[in-house]
Each structure stands twice: as C-alpha cells, then as structure tokens.
Q: 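This structure is in structure tokens; I'll ask about it shortly.
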Amino acid sequence: MASKPQLPDLTRVQMAILATLTDQEERYGLDIVRTLKAKGQPISLATLYTSLMRMEADGLVTSRWGDEASAVRQGARRRYYALTGLGERALRQATTVVLRVLRAVPNVARAAEVLS
Amino acid sequence: MSTYFYDDSSGHTYRVVLEHQRHRAAAIAALHLTNRQPPIDPPPVVAQASPVGDGQPIQIFASDTIAVREAVKVTVTPAPVDIRVTPITGKLTVTGSLPVVHAVGTVTPTRGSGRTIVNQVRAISFFIPKTIREPFFGDLLESMAEMDAEGYSPREVRWAAISQIALLLMKLVWSMRRPRS
C-alpha cells in the first residue's frame with residue numbers, strides 16, 4: 001500500500017501567511033502584510049514574497065495575476081494567492097502539533113483549552 | 001512650487017510632479033481630469049489615492065484622487081486637459097497653466113525620490129524571479145503611498161523602500177544557498 005505523502009513542515013511565518021488565506025478566498029501580497037500586522041504578527045514584504053515563492057513551489061499556495069489598473073502601483077499588477085488543499089492540510093497538521101506541544105506546558109494547557 | 005504635467009502617450013494616463021511642496025499628504029482632494037481633444041481620450045477610471053507634494057512623479061488617471069494637506073496649486077497647459085477639483089477635505093486650487101510634455105523621458109524626477117530608487121532597481125532587477133518581481137515592486141510602491149499618506153517624511157519612506165529591496169535581495173541569495181528541506 002502506498003504511504004501517505006508527508007506534509008511539509010511549516011515555519012512560523014508560513015503558518016501565519018497560510019492562516020490569512022483561510023478566511024478569504026484569495027489575497028494579494030500587501031493585503032496579507034496588512035492582515036498579519038493587524039493580528040500582531042508584522043512581516044516585511046521581502047519576507048512575504050520569498051516565503052510565498054517557496055510555498056508556491058511546494059504546492060501550498062497557488063497564484064494568479066490581478067488585472068486592476070492602479071496609478072499608485074505604476075502599472076505593476078497584483079498577484080493574488082490562494083490556499084491549496086495541500087496547504088490547508090499542512091496548516092492543520094502544524095496547528096495540531098503546536099497545540100499538542102503547548103498542552104504539554106502546564107501553564108499554557110489551560111490557555112489552550114480556553115482557546116480551543 | 002513648480003509643477004509638470006504630461007501624458008505618457010498611452011492616451012489614458014498622465015503623470016504629475018509637484019515640487020517644493022513642504023506639507024505632506026493628510027487631507028484628500030479629488031482631482032477629475034477630462035480631455036476634450038483626440039488622440040488623448042481618458043477613460044473614466046477612478047484610481048486610488050496618490051500622495052503628492054514631495055516632488056515625486058505620480059501617475060494619475062482620468063479621474064483620480066490625490067492627497068494634500070494645504071492648498072496645492074495645480075496648473076495645466078495647454079488646453080486639451082480640463083481639470084475640475086472637488087475637495088473632500090483640505091483645499092485644492094487649480095490655476096494658471098502647466099506644460100504638457102509628450103514624452104516621459106523629458107521629466108526628470110526630483111532628488112531623493114523613493115519612487116525613483118524603486119523604479120531604478122526595478123529596471124535592473126532581472127535577477128529577481130518574475131513571479132514576485134512585479135507584485136513586490138507594485139506592493140512596495142503602494143505601501144510607500146500609504147506611508148506618504150500617513151505623514152512619514154520622504155527620508156523615512158525612502159529608507160523603508162531601500163531596506164525592503166535590500167532585504168529581498170539578501171533573502172533571495174540566502175534561499176539560493178540554502179538546500180531545500
């Protein structure tokens with residue numbers, strides 16, 4: 001029987017980026033940065049795009065070009081990113097691992113219970 | 001204050017440079033452009049708010065919004081372009097005339113422009129993967145506009161842009177050296 005393909009381990013930044021894509025169908029780069037900043041996890045555009053590049057190569061996200069005209073962007077198109085099935089499973093697995101680890105810490109266990 | 005206005009020959013967009021404007025974006029004023037003469041026939045496009053006043057060229061569409069803090073004098077010449085200004089807050093006045101130049105290259109960006117740096121790097125950034133090059137620089141310009149509107153100084157905006165570009169280059173070099181997990 002073929003074994004289940006192993007999901008990639010996610011970094012904290014990758015988890016945060018994927019999490020922003022769960023509540024909305026797709027987002028463009030600056031939108032992800034703004035969302036993360038509002039949630040207390042600020043990241044730079046440079047970090048975001050290098051992470052997204054790697055995550056797209058790993059099949060965790062997909063992307064498409066936007067077609068809005070924007071004067072501010074001087075003609076540069078937006079690129080919209082969306083979560084893939086693999087990305088969703090990887091995020092779920094990473095979240096489970098984090099919660100399991102946190103539950104092993106006595107003081108955090110109660111907080112995790114409250115959160116879940 | 002000296003002001004330049006020109007079209008980029010695409011027939012749809014214009015660029016404006018407002019120089020020596022000491023006060024920076026805070027209030028918003030709407031700037032509507034209507035062109036009555038061919039071949040330039042701007043479509044009714046509403047673009048996002050664009051900061052002005054630090055001597056950097058901004059691209060404006062047929063209907064655009066620009067941000068000003070105090071009275072900004074916008075002048076247009078020759079006649080083909082007609083500007084109507086509707087202030088939302090603050091005060092925007094349109095007087096006199098401003099030269100229309102039919103070549104982008106004839107307008108020299110002013111000193112220390114953060115957008116100039118971004119555009120220069122963008123022009124030689126063939127080593128940045130194409131899939132992230134365009135959205136990264138677009139997002140960078142958009143975030144610079146936001147910083148402008150939030151009242152950051154041109155120096156702060158410029159250094160923010162430079163640090164983002166430097167960080168991207170370092171991260172790309174690092175990711176090329178690092179074996180994939």
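Computed from heavy atoms alone, side chains included, the values below leave out hydrogens, waters and symmetry copies. Letters go in sequence order (proteins before strands), and every chain restarts at 1.
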Q: Do the side chains of V98(A) and V13(A) join up, straight or via other hydrophobic residues, at under 4.5 Å, putting them in one cluster?
A: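 Per the 4.5 Å side-chain linkage, V98(A) and V13(A) are co-clustered.
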Q: Search all heavy atoms of A46(A) against all heavy atoms of F136(B) and return the closest pair with its distance.
A: N-CE1, 3.9 Å
Q: Heavy-atom cut-off 4.5 Å, strictly under: side chain, backbone, both or neither for S63(A) against chain B?
A: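 Neither; nothing under 4.5 Å.
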Q: Please say whether more than 12 non-hydrogen atoms of neighbouring residues, nucleotides or ligands are located less than 6.0 Å from CH2 in W159(B).
A: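 No, CH2 of W159(B) has 12 or fewer neighbouring heavy atoms, counting only those of other groups under 6.0 Å.
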Q: Most heavy-atom pairs under 4.5 angstrom with chain B, which of D31(A), L45(A), T50(A)?
A: L45(A)
Q: Would you say L167(B) ends up clustered with I17(A) if hydrophobic residues are merged whenever their side chains have heavy atoms under 4.5 Å apart, either directly or through other cluster members?
A: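 No; L167(B) is not reachable from I17(A) via cluster members.
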Q: Using every non-hydrogen atom in the two residues, find where A76(A) and G138(B) come nearest and quote the distance to one decimal.
A: CB-CA, 3.6 Å
Q: Given side chains that start at C-beta, do those of P135(B) and R77(A) come closer than 4.5 Å, heavy atoms only?
A: no
Q: Less than 4.5 Å apart, any side-chain heavy atom of R79(A) and any of D139(B)?
A: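 R79(A) vs D139(B): side chains apart.
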Q: Taking R78(A) first and then E134(B), would you say they form a salt bridge - that is, a charged N and a carboxylate O separated by under 4.0 Å?
A: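 No, this pair does not count.
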Q: Using 0.5 Å steps for rounding, measure from the CG atom of L172(B) to the OH atom of Y49(A).
A: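 Answer for the CG-OH pair, L172(B) versus Y49(A), is 13.0 Å.
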Q: Does the side chain of L52(A) reach to within under 4.5 Å of the side chain of I132(B), using non-hydrogen atoms?
A: no
Q: Membership question, hydrophobic clusters at under 4.5 Å side-chain separation (ILVMFWY): are L141(B) and W65(A) in the same one?
A: no
Q: Is it the side chain or the backbone of L169(B) that comes within 4.5 Å of chain A heavy atoms, both, or neither?
A: neither
Q: Answer with yes or no whether the side chains of E142(B) and Y28(A) bring together a donor and an acceptor at under 3.5 Å.
A: yes
Q: If you count heavy atoms of other groups shown closer than 6.0 angstrom to CZ of R12(A), is the number above 12?
A: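 No, CZ of R12(A) has 12 or fewer neighbouring heavy atoms, counting only those of other groups under 6.0 Å.
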Q: Checking heavy atoms, do the side chain of Y80(A), its backbone, both or neither come under 4.5 Å from chain B?
A: neither
